[in-house]
Amino acid sequence: MDIRKLLVANRGEIARRVFATCRALGVATVAVHSDADADAPYVAEADEAVRLPGNTPVETYLRIGSILDAARRTGADAVHPGYGFLAEHAGFAAAVTDAGLTWVGPPAGAIAAMGDKLAAKELLAGAGVPMLPTWTDGDEITDFPVLVKASAGGGGRGMRIVRDPADLAAAVDSARREAAAAFGDDTVFIERYVERGRHVEVQIFGDTAGTVVALGERDCSIQRRHQKIVEEAPAVLPDGVRERLHAAAVAAGRAVDYVGAGTVEFLLAPSGEFFFLEMNTRLQVEHPVTEAVTGLDLVRLQLLVAEGGALPVAATPPTDGHAIEVRLCAEDPAQGFRPATGMLHRFAVPGVVGGFAPTRGLRLDSGVCTGSTVGVHYDSMLAKLVAWAPTRAEAARALAGALARAELHGVATNRDLLVRVLRSADFGSAQVDTGFLDAHAEVFAPLLPTDQLPVAALAAALACAAARRDDAPVLAGLPSGWRNVPAFPQVVRYADRTGDGIEVRYRLDRSGGLADWSTDPPMPPTDPPASPVTLVTAAADRVLLDVAGVRRVFRVHRAGSVVFVDGPDGAAELTELPRFPLPRVALAVGSLLAPLPGTVTRVHVGVGQRVAAGDLLLTLEAMKLEHPVLAPTDGVVADLPVPTGGQVETGAVLAVVNPEEAPR
């Protein structure tokens with residue numbers, strides 16, 4: 001039966017992705033949205049949209065009855081679940097089909113069989129798929145390290161690596177809490193952990209005629225918090241491994257009579273052995289790299305199979321070139337990947353040739369745009385940027401270059417980390433594994449070197465002065481701070497994203513050139529001494545400086561008191577500080593503040609308890625992840641103003657630890 005109108009029971013970039021294929025096929029589209037998502041790009045792109053009152057996933061995107069009611073009200077005859085939320089919920093799949101709608105996904109039975117990871121392991125072991133040693137009772141474990149995993153979900157949630165047997169009980173408790181919050185099921189199990197393993201997955205597809213094929217594999221080894229951030233296709237594999245991986249994946253699909261798009265994930269050991277991890281019964285976030293190298297539109301295949309059609313391929317198709325995808329997330333890698341919130345004042349990536357469909361070149365699948373607000377209710381991923389090129393090296397270079405030149409203003413992102421990963425020597429030689437970030441501390445450094453921040457701050461000051469001249473009602477042609485005789489310099493004070501301050505002093509001559517300048521802290525000395533910086537031109541949005549004989553362009557964008565500077569070495573975010581700051585309420589010494597809005601899920605200490613630096617005080621849950629709040633110093637807990645279950649806003653006091661006085 002042909003699909004006429006499709007409801008996507010999801011949000012963000014995956015909804016936009018599905019809508020793009022629907023438009024190409026002439027299928028009408030329906031979006032559902034929370035209150036927070038009312039103005040999101042995907043809602044505007046749908047033909048019709050239905051509000052799901054509330055903001056939390058439980059109130060909105062996880063309410064099966066509300067989604068089915070939206071389908072009934074709009075006349076939708078099919079439902080696509082996207083990924084996350086209800087995508088791997090067997091009850092949802094059954095409810096959709098019971099309502100007489102077409103379900104764009106695998107049968108409920110296959111979802112149920114693979115949704116319970118322990119049962120899936122037993123089933124697929126019987127089909128000959130290789131497995132890791134697995135335990136449900138920690139007392140049976142004799143060999144560490146191990147990995148605690150949630151049985152009911154994926155996406156890295158509910159995973160904990162345990163190297164010391166003494167830490168196992170706490171890891172299991174933490175994994176249970178996170179699994180219960182994410183999936184409504186706190187069942188966990190334990191696997192042997194493979195050091196330096198690679199995460200390699202196979203894209204499979206099945207149709208109602210019983211055909212199951214592998215459409216190639218992806219390497220997704222580079223991860224943070226067990227969640228993928230860099231994916232590529234095809235994987236760089238030892239001889240003979242690819243064929244065996246594909247065969248094992250197809251065997252897994254056939255074991256559950258699989259229909260639709262699915263991914264069978266494996267752990268590849270350095271020895272060349274591989275082991276089943278899990279099967280995701282949905283379209284994966286990283287599906288664009290497979291589309292890039294095969295030329296297939298996987299969403300189109302999903303719709304084709306859901307309508308009862310046969311797959312157009314009966315065997316693994318040949319691949320062409322290489323594709324790499326990165327997940328651009330609103331988070332701060334330097335702060336333990338702490339999620340970030342706020343408004344995106346500018347979101348622009350140069351060189352993009354397409355989005356939401358198979359593309360040669362640079363593809364951007366984004367859930368946000370300039371002006372979007374990043375809230376706390378959902379995942380931190382903003383967009384996926386994908387580069388296809390004839391070779392792996394060309395794809396990595398193109399992707400890193402586009403990321404480095406992107407203008408990402410208003411919310412902290414992992415952009416710099418991704419660029420450094422793509423440009424690292426080990427990534428270039430395909431020396432990757434799931435512990436890549438732990439072994440490469442250098443990729444956490446910002447792209448903008450510390451010694452170049454003063455020049456970026458100078459560019460910010462000159463651009464802001466030019467903007468003020470443009471807005472001046474009279475004498476706009478005079479240089480900023482101009483005097484008949486040399487006088488005091490112009491002084492501007494900024495704070496960077498970390499809160500550190502920098503003061504810029506500069507003076508222009510009669511021709512508008514840069515007479516002299518300095519910063520506090522000063523630029524570090526060089527040997528030989530650095531050549532002076534010369535101002536070539538300064539406009540409100542663009543400053544051209546001659547630095548040591550090299551002309552450098554700085555793009556400047558101001559949003560209120562915040563100035564964003566994108567230069568050839570990296571980007572800076574500088575907040576202009578008032579000349580005469582207003583007094584602020586003083587916080588008690590030792591106050592620990594909430595870095596973002598969230599819920600206190602557990603308080604681990606009591607008032608009056610003595611703690612050591614690094615001890616866990618409480619756990620804050622925000623954007624689907626747990627964030628530990630640690631004691632900054634040895635001391636005594638003086639206050640715990642937020643109880644378990646309490647909601648907090650950014651900047652709220654979570655705890656007060658009175659530091660111990662040093663012995664005299």
Side-chain angles (χ1 to χ4, degrees), residues 79-98 102-132 134 149-155 183 185 187 189 191 199-218 243-267 274-284 286-287 290 298-299 301-311 313-316:
V79 174
H80 191 299
Y83 47 68
F85 296 134
L86 294 169
E88 294 178 281
H89 192 297
F92 182 47
V96 169
T97 55
D98 289 346
T102 298
W103 168 250
V104 185
I111 297 175
M114 294 297 101
D116 183 335
K117 291 182 173 54
L118 280 170
K121 281 174 168 286
E122 294 181 10
L123 174 65
L124 298 187
V129 181
M131 298 288 166
L132 284 166
T134 303
K149 299 177 69 173
S151 179
F183 314 117
D185 184 340
T187 305
F189 62 95
E191 284 181 343
H199 187 124
V200 180
E201 61 189 30
V202 179
Q203 176 72 63
I204 65 167
F205 237 100
D207 63 22
T208 54
T211 301
V212 179
V213 299
L215 300 183
E217 77 293 329
R218 303 180 284 254
E243 292 75 15
R244 291 190 289 120
L245 273 172
H246 290 186
V250 169
R254 287 175 175 160
V256 292
D257 298 322
Y258 200 77
V259 176
T263 302
V264 187
E265 304 194 350
F266 298 95
L267 185 67
F274 59 84
F275 308 94
F276 173 81
L277 288 175
E278 63 184 17
M279 182 174 178
N280 289 306
T281 51
R282 54 174 168 81
L283 196 66
Q284 290 279 85
E286 57 272 21
H287 75 274
T290 296
L298 298 190
V299 174
L301 294 187
Q302 284 188 295
L303 299 178
L304 177 69
V305 167
E307 292 174 332
L311 283 171
V313 292
T316 302

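One is the number of the first residue; the rest follow in order along the sequence. Just so you know, these numbers use all the heavy atoms, side chains as well, and skip hydrogens, waters and symmetry mates. It should be emphasised that the depicted structure is a prediction, and the values quoted were computed from it without experimental measurement.
Of all the heavy atoms in A255 and A127, the pair that sits closest is CB-CB, 4.1 Å.
A 4.5 Å side-chain heavy-atom check between L215 and L298 finds at least one atom pair inside the cut-off. For the pair I111/W103, a side-chain contact is recorded, criterion being any heavy-atom separation below 4.5 Å from C-beta on. Contact annotation: the side chain of V313 never approaches that of F205 to less than 4.5 Å [non-hydrogen atoms, C-beta and beyond]. Residues V129 and V264 are not in side-chain contact: their nearest non-hydrogen atoms beyond the backbone lie 4.5 Å or more apart. Looking at E88 and N280, their side chains come closer than 4.5 Å, going by heavy atoms from C-beta outward. Annotation: side chain of K117 is not in contact with side chain of T187 (no heavy-atom distance under 4.5 Å). L86 has its side chain out of reach of P81: every pair of non-hydrogen atoms, C-beta onward, lies at least 4.5 Å apart.
Looking at residues two or more places apart in sequence or on another chain, you find a side chain to side chain donor-acceptor pair (under 3.5 Å) between E217 and R242, H246. Residues that satisfy the ring pair (Phe, Tyr, Trp, His ring centres under 6.0 Å) test with F274, not counting sequence neighbours, are F266. With sequence neighbours left out, E265 forms a salt bridge (Lys or Arg N to Asp or Glu O under 4.0 Å) with K228. Residues satisfying the side chain to side chain donor-acceptor pair (under 3.5 Å) test with T211, not counting sequence neighbours, are none. Partners of Y258 according to the ring pair (Phe, Tyr, Trp, His ring centres under 6.0 Å) rule, which considers only residues two or more places apart in sequence or in another chain, do not exist here. For L267, the side-chain contact (heavy atoms from CB on, under 4.5 Å) test picks out L132, V194, L277, with sequence neighbours left out.
Once rounded to the nearest 0.5 Å, the distance linking CG of L303 with NE2 of H80 reads 6.5 Å. Separating the OG1 atom in T263 from the CD1 atom in I204 is a distance of 7.5 Å, to the nearest 0.5 Å. Note that the CG atom of L118 and the CZ atom of F189 stand 5.5 Å from one another [nearest 0.5 Å]. Distance check: E201 CD to E278 CD gives 9.0 Å after rounding to the nearest 0.5 Å.
For the side chain to side chain donor-acceptor pair (under 3.5 Å) with Q203, the qualifying choice from R218, Q284, E286 is R218, the only one to do so.
The pair K121-E191 counts as a salt bridge, with a side-chain nitrogen and a carboxylate oxygen less than 4.0 angstrom apart.
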